[in-house]
S.K.: 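Below is the structure I would like to discuss, written out as structure tokens.
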Amino acid sequence: SQTIHQWPATLVQPVGSPLSLECTVEGTSNPNLYWYRQAAGRGLQLLFYSVGIGQISSEVPQNLSASRPQDRQFILSSKKLLLSDSGFYLCAWSYLSLDEGEQFFGPGTRLTVL
Amino acid sequence: TQLLEQSPQFLSIQEGENLTVYCNSSSVFSSLQWYRQEPGEGPVLLVTVVTGGEVKKLKRLTFQFGDARKDSSLHITAAQPGDTGLYLCAGNNAGNMLTFGGGTRLMVKP
């Protein structure tokens, strides 16, 4: 079976500090990978998605970047965090050959920028 | 840009009551998913509907996809406190990405 991991689970960082959030998927190959941000109790905003190693598409211009150094690893980064970067970050995967577009989510990382 | 509007945004009901959550769009989707999310956790997929007019049941939850594949509803019968959570609909247009609704926060009081 497939599993998706995210770490850390929670993070408190000062403004201006760097960020690295990691997501890994097990039990599948060549997945599509996604990073979302969620405001409290609301819907999901797509930040980045990747269809393969080194292939990153950005949906929203911002202070963040993403990388996919390995097939099942997706990293969200920032060189200097802003207060507005606070939120709940979710990683998700889907099958490369989409049937019905279902995505499967990790447990999330709660980021607080102070 | 495809948009999905969910209503209501918030719903607080007593245990045993019935409820319906709506997900509407002006765009056609090839499929639509419903997710439930608990605080501090990632969304969990409940169901996918694909065919216009399709109805799927998951215990006390009934999901319907509109005939034109532009809208969907989630009906819960005899709600229980365990149904509490954020319900999200998401539409797929045969691409790599989903369009998510804004979510419906449901609270079921014992």
Side-chain angles (χ1 to χ4, degrees), chain A residues 1-11 21 23 25 30-52 55-60 68 87-112, chain B residues 1-12 21 23 25 27-51 54 56 63 65 69 72 84-107:
Chain A
S1 64
Q2 300 86 11
T3 55
I4 178 169
H5 304 279
Q6 285 186 247
W7 64 88
T10 60
L11 192 60
L21 303 181
C23 170
V25 180
N30 303 317
N32 292 325
L33 295 172
Y34 308 83
W35 278 112
Y36 291 90
R37 179 168 56 203
Q38 185 178 32
R42 300 301 295 149
L44 278 61
Q45 178 189 31
L46 179 65
L47 302 176
F48 301 95
Y49 74 94
S50 172
V51 299
Q55 300 179 61
I56 310 294
S57 296
S58 173
E59 289 299 300
V60 181
R68 185 170 177 174
F88 192 51
Y89 288 82
L90 288 158
C91 181
W93 72 273
S94 69
Y95 290 102
L96 182 60
S97 56
L98 291 176
D99 292 330
E100 296 165 347
E102 296 144 330
Q103 294 181 13
F104 305 94
F105 288 84
T109 294
R110 171 75 57 195
L111 172 65
T112 303
Chain B
T1 302
Q2 296 177 312
L3 293 175
L4 270 173
E5 300 280 346
Q6 274 189 250
S7 62
Q9 290 187 25
F10 303 97
L11 193 53
S12 181
V21 177
C23 180
S25 176
S27 301
V28 176
F29 293 100
S30 58
S31 66
L32 191 139
Q33 286 97 46
W34 284 93
Y35 295 81
R36 179 168 67 208
Q37 184 181 21
E38 307 213 6
E41 300 181 8
V44 175
L45 179 67
L46 296 175
V47 77
T48 298
V49 286
V50 179
T51 306
E54 181 177 6
K56 282 191 174 179
F63 305 86
F65 203 12
R69 290 185 287 127
S72 181
T84 293
L86 179 69
Y87 289 81
L88 296 161
C89 65
N92 174 46
N93 197 17
N96 287 317
M97 290 175 285
L98 296 177
T99 299
F100 278 86
T104 294
R105 181 161 294 283
L106 171 65
M107 177 174 289

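Just so we're on the same page: letters track the sequence lines, and every chain starts at 1.
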S.K.: Just to verify, what does B:S12 make a side-chain contact (heavy atoms from CB on, under 4.5 Å) with, not counting sequence neighbours?
M.R.: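 Counting only residues at least two positions away or on another chain, B:S12 forms a side-chain contact (heavy atoms from CB on, under 4.5 Å) with B:M107, B:K109.
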S.K.: Does A:Y34 reach the main-chain N or O of B:L98 with its side chain, forming a donor-acceptor pair under 3.5 Å?
M.R.: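 No, A:Y34 side chain to B:L98 backbone: no donor-acceptor pair under 3.5 Å.
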S.K.: Answer yes or no: are there more than 12 heavy-atom neighbours, outside B:E5 itself, under 6.0 Å from its atom CD?
M.R.: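 No, not enclosed.
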S.K.: Which pair of non-hydrogen atoms, one from A:L90 and one from B:G42, has the smallest distance, and what is that distance?
M.R.: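 Here A:L90 and B:G42 meet closest at CD2-CA, 3.6 Å.
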S.K.: Can you name the nearest heavy-atom pair linking B:M97 to A:Y49, along with the distance?
M.R.: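 Here B:M97 and A:Y49 meet closest at SD-CE2, 3.4 Å.
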S.K.: Counting heavy-atom pairs under 4.5 Å to chain A, which of B:P43, B:G40, B:P39 comes out on top?
M.R.: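 It is B:P43.
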S.K.: Using side-chain contact (heavy atoms from CB on, under 4.5 Å), reason through B:R105 and A:R42 one step at a time and then give a plain yes or no.
M.R.: CA-CA 8 Å; B:R105 181 161 294 283; A:R42 300 301 295 149; over 6 Å; no
S.K.: To the nearest 0.5 Å, tell me how far A:Y36 OH sits from B:F100 CZ.
M.R.: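 Spacing of OH (A:Y36) from CZ (B:F100) equals 4.5 Å.
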S.K.: Side-chain donor-acceptor contacts of residues 84-91 of chain B below 3.5 Å, not counting sequence neighbours, with atom names and distances?
M.R.:
{"from": "B:T84", "atom 1": "OG1", "to": "B:P81", "atom 2": "O", "distance (Å)": "3.0"}
{"from": "B:T84", "atom 1": "OG1", "to": "B:V108", "atom 2": "N", "distance (Å)": "3.0"}
{"from": "B:Y87", "atom 1": "OH", "to": "B:R36", "atom 2": "NH1", "distance (Å)": "3.2"}
{"from": "B:Y87", "atom 1": "OH", "to": "B:D83", "atom 2": "O", "distance (Å)": "2.6"}

S.K.: Say you draw a straight line from CD of A:E102 to CG of B:L45; how long is it, rounded to the nearest 0.5 Å?
M.R.: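 Output value for this atom pair is 5.5 Å.
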S.K.: Which answer fits B:F10, side chain, backbone, both or neither, if we ask what part of it has an atom under 4.5 Å from a heavy atom of chain A?
M.R.: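 Answer is neither: B:F10 stays 4.5 Å or more from chain A.
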S.K.: Do B:E41 and A:F105 come within less than 4.5 Å of each other through their side chains, counting heavy atoms only?
M.R.: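 SC-SC contact between B:E41 and A:F105 ruled out.
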S.K.: Picking from A:Q103, A:Q6, A:R110, which has the most non-hydrogen pairs under 4.5 angstrom with chain B?
M.R.: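 Counting heavy-atom pairs under 4.5 Å, the top option is A:Q103.
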S.K.: Testing the 3.5 Å rule here: is there a donor-acceptor pair between the side chains of B:Q37 and A:Q38?
M.R.: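 Result is yes, a qualifying pair exists.
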S.K.: Side chain, backbone, both or neither: which part of B:Q6 has an atom under 4.5 Å from a heavy atom of chain A?
M.R.: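 Neither part; nothing is under 4.5 Å.
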